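Here's the structure, in structure tokens; my notes come after.
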Amino acid sequence: MSTWYEGLKKPHLTPPNKFFWPVWIAIYILIFGAFSLYFIAPSHPHLYTTITLLIIHFTAAFNWTGIFFSRKKILLALFDLLFIDITLVAIILLFLQASTPAALLLLPYLGWGLFATYLNWHIYRLNR
């Protein structure tokens with residue numbers, strides 16, 4: 001984490017920095033499991049829509065770090081997170097049509113994304 005981030009005012013529920021990597025490792029394992037279950041499911045309604053949405057979603061997700069930490073654009077990062085949350089809900093609904101377990105495996109990711117949105121919102125609010 002950068003010294004810029006360390007200097008920001010953060011909400012009380014902000015976890016310690018050492019907490020983030022273990023959580024992300026667990027989430028990536030669940031995402032891999034969800035993808036595996038989705039792609040081995042017997043049918044894939046709206047497959048091209050799902051793949052397109054996955055590409056858009058993960059592009060936005062990987063861009064968040066640069067927007068927040070490199071560019072230091074807290075509000076823009078918040079809008080990116082809202083987009084990430086919305087596209088993830090759509091992905092979960094698409095996965096649900098092919099595999100309920102696959103969709104359920106994405107729920108912790110959604111929870112973490114919503115928590116990140118909460119943190120980003122409050123960091124923006126506290127550091128205007």
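Computation of the quantities below employed the complete heavy-atom set of this structure, encompassing side-chain atoms and omitting hydrogens, waters and symmetry-equivalent molecules. Owing to the predicted nature of the structure, the values given are computational and were not obtained by experimental measurement.
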Requested in this report: Quick one: name the residues clustered hydrophobically with I67, using the 4.5 Å side-chain heavy-atom rule over I, L, V, M, F, W, Y, and just say none if it's on its own.
Outcome: L76
Query raised in the report: For R125, what residues pass the side chain to side chain donor-acceptor pair (under 3.5 Å) criterion, not counting sequence neighbours?
Result: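 Residues passing side chain to side chain donor-acceptor pair (under 3.5 Å) with R125: H122.
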Report task. Mind checking side chain to side chain donor-acceptor pair (under 3.5 Å) for D85 and listing every partner two or more places apart, or none if nothing turns up? Result -> T117
Query raised in the report: Where do W24 and F20 land on the ring-ring contact (aromatic ring centres under 6.0 Å, His included) test, with the steps shown first?
Result: CA-CA 6 Å; W24 273 113; F20 287 91; 8.8 Å; no
**Report entry** Cationic tip of K10 above Y5 ring, under 6.0 Å, 45° of axis
**Finding:** yes
Which residues pass the side-chain contact (heavy atoms from CB on, under 4.5 Å) test with [X], sequence neighbours left out?
{"X": "P16", "value": "K18, F19"}
{"X": "L105", "value": "L30, A34, L37"}
{"X": "L93", "value": "V89"}
{"X": "L104", "value": "T100, L107"}

Report task. Over 60° means perpendicular and under 30° means parallel, so classify the ring planes of W112 and F115, tilted if in between. Result ->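 It falls in the tilted class, 30° to 60°.
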Who pairs with [X] by ring-ring contact (aromatic ring centres under 6.0 Å, His included), at least two apart in sequence or on another chain?
{"X": "F32", "result": "none"}
{"X": "F68", "result": "W4, W64"}
{"X": "H46", "result": "none"}

Please table the atom pairs, donor to acceptor, closer than 3.5 Å between any side-chain atom in residues 52-62 and protein atoms at least two apart or in another chain.
| unit_1 | atom_1 | unit_2 | atom_2 | d |
| --- | --- | --- | --- | --- |
| T52 | OG1 | Y48 | O | 2.8 |
| H57 | ND1 | I84 | O | 3.3 |
| H57 | ND1 | T87 | OG1 | 2.8 |
| H57 | NE2 | Y109 | OH | 2.7 |
| T59 | OG1 | I55 | O | 2.7 |

Query raised in the report: Short question: side chain of N127, backbone of L8 - any donor-acceptor pair under 3.5 Å?
Result: no
